[in-house]
Structure formats: C-alpha cells, structure tokens
Number of protein chains: 2
Amino acid sequence: MDTSVICPRFESAISLLSQRWTGLIIYQLLSGPQRFSHLTEVIGISGRLLSERLKNLEAQGLVTRTVYPETPVRIEYELTEKGFSLKPVMDEIQNWSQVWVEPSETVETK
Amino acid sequence: MDTSVICPRFESAISLLSQRWTGLIIYQLLSGPQRFSHLTEVIGISGRLLSERLKNLEAQGLVTRTVYPETPVRIEYELTEKGFSLKPVMDEIQNWSQVWVEPSETVETK
DNA sequence: TATAATTGGTTACATAAAGTAACTAAAGAA
DNA sequence: TTCTTTAGTTACTTTATGTAACCAATTATA
C-alpha cells in the first residue's frame, strides 16, 4: 500500500547513478576536463553510449561541453559545480571498495 | 591505450550500484530486516527482479535471507556487515540529493 | 473434505537499453 | 586530391527490464 516511502530526491539521485556508465564518467571527470576520445579509452565505453550519456549529463547540468576550434577540433567535457559536488559520494564508494571488494570480485579475475 | 586507469575495486563497487534497483534495495534495508512483499511495495519493483537482485546480493555477501516457518511463511532479508557498511555511501547520496535535486527533476512531476 | 487465502516466489512473453562495428562530417596536412 | 584526426552517428544484435499470469506450501474456512 505504501508506495512512496522513499524520498523522491534520493530516488532521483540514485536513478542517476544506477544508469550504467554514468558513475564512472563522473568519477573520471573528477580528475579534470577530458576529451571524448580519452573518456572512451579510459572508461571502456563505446562512442555511441558515451555520446548519449554526456548529452544526458549536460542536460541535467552536471557536465559542460566546450569546443576548441583547433585542428583537429578539441572538445572537452568538464564537471559543473553540481557534478563536482558528487565527489563525496565517489569518495565513499572508493572507501567502501577498498575495504570490502576482494580482488576475486574484480572484473579482471573473472 | 590506457585501458585500466580506473581502480578495479572501485569499478566493481560502482558496477554493483549501477545495477538497476540494487541501490534502492540496499538503502531500504538500512532501516532493518524486511520481507519480500514489503520490499516490492515500498520500492516498486516486480517480484521477478526483486528475486533476482536479492539472490545476487546474497551471493555477494551483502544480504542474508532468513526463513521463519510461521503461517504464512515469513522470510526476512537483512543487510550483512558488508551491506550495512554502504550506509556512508547512501548518506552522501542523500546529502547530495537534498542540495542538488530539484522537485522538478523528481519522478512524480514527470 | 473441498475451497480459499496468504506469502514468496517463477515462467513466458513484450519492450527497452546496451554492445558492436561500420560509417560520416569537418578541417587542415601532405 | 587524397589522407589523417576527432567526434560523433547509424544500423543491427544481444542483453536487461517490465508485465502479468501462474505455482507451491501452509493453514484457515465453508
């Protein structure tokens, strides 16, 4: 009967982080502005999905996109204040993973 | 070229939280042991997926399943220490959501 | 002795999201 | 004119999720 016990804002935040790749993109951008191709390589995401995710993140005000008309063109993605303020969340996930994730639970060993 | 810059433990942790519903289930269980039917109602997840998620969480040592052979049967799901130690993560998500998620970004208003 | 009610699921099928790989646009360099 | 580089997009396949009907165990009820 009780369908709305969970705080809608929390639900919204966790649905953001529940979307595949989004957390990793934000985490990666915490270390500074980066270009499209660098993100694909480091994260291991396809261009198709990275493009889609970055558009969403931009639309939600978490990321900005800046075009530098050099040659070849350079486009950098950077966290906004809203995006950067997820750092404490990422830090806690990092902390937890250091304590509780065993190497055997890691992708590489699978 | 640089395919493994991101810490594998962090990646593992975030892939856990990136799975749809998993974060909400853990968050909900932070308030104590709960039964299957209660979780479906509160979270708004189908039995099919809740069952699947709880099995995964159990397999990963985040949740325990306890059968009470009453009538009708009562089965309770509860966080382990490993599961409960995600509380700081959830707290930070909560904090962030209170500051940065506007009511208009919420599911209800959509 | 059926019949119903309750919990905790499972099954089968439709839809949506993600993975993969080939392709394109723009713009200067050879 | 053709090549290279970046930043994507398109078309197609595979996987994950949503939906609704169904099932097993156990006790209460008619």
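Just so we're on the same page: letters track the sequence lines, and every chain starts at 1.
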*Of the candidate nucleotides D:dT17, D:dA7, C:dG8, which contains the atom at the shortest distance from the side chain of B:Val73?*
C:dG8

*Of all the choices, C:dT10, D:dG8, C:dT7, which nucleotide is nearest to the side chain of B:Ser51 once you look at every atom?*
C:dT10

*May I ask you to say what A:Tyr77 touches in the nucleic acid, namely base, sugar-phosphate or nothing, with a heavy-atom cut-off under 4.0 Å?*
sugar-phosphate

_Sugar-phosphate, base or nothing in reach of B:Ser37, heavy atoms under 4.0 Å_ = sugar-phosphate

*With the side chain of A:Ser46 defined as its heavy atoms from C-beta on, choose the nearest nucleotide among C:dT20, C:dG8, D:dT19.*
C:dT20

*Would you say B:Lys55 reaches C:dG8's phosphate, i.e. side-chain N/O to OP1/OP2 under 4.0 Å?*
no

*Assign A:Thr71 to base, sugar-phosphate, or nothing according to its heavy-atom contacts below 4.0 angstrom with the strands shown.*
sugar-phosphate

*Per B:Leu49 side chain, nearest of listed nucleotides C:dG19, C:dG8, D:dG18*: D:dG18

_Closest nucleotide among D:dT17, C:dA18, C:dT7 to the B:Arg53 side chain_ = D:dT17

*Is the number of heavy atoms from other residues, nucleotides or ligands within 6.0 Å of NZ (B:Lys82) greater than 12?*
yes

*Report the nucleotide, chosen from C:dG28, C:dT10, D:dT17, that has the shortest atom-to-atom distance to any side-chain atom of B:Arg48.*
D:dT17

*Under 4.0 Å between a side-chain N/O of B:Trp21 and OP1 or OP2 of D:dG18, yes or no?*
yes

_Quick check: is B:Tyr68 connected to B:Val63 through a chain of hydrophobic side chains (ILVMFWY, heavy atoms under 4.5 Å apart)?_
no

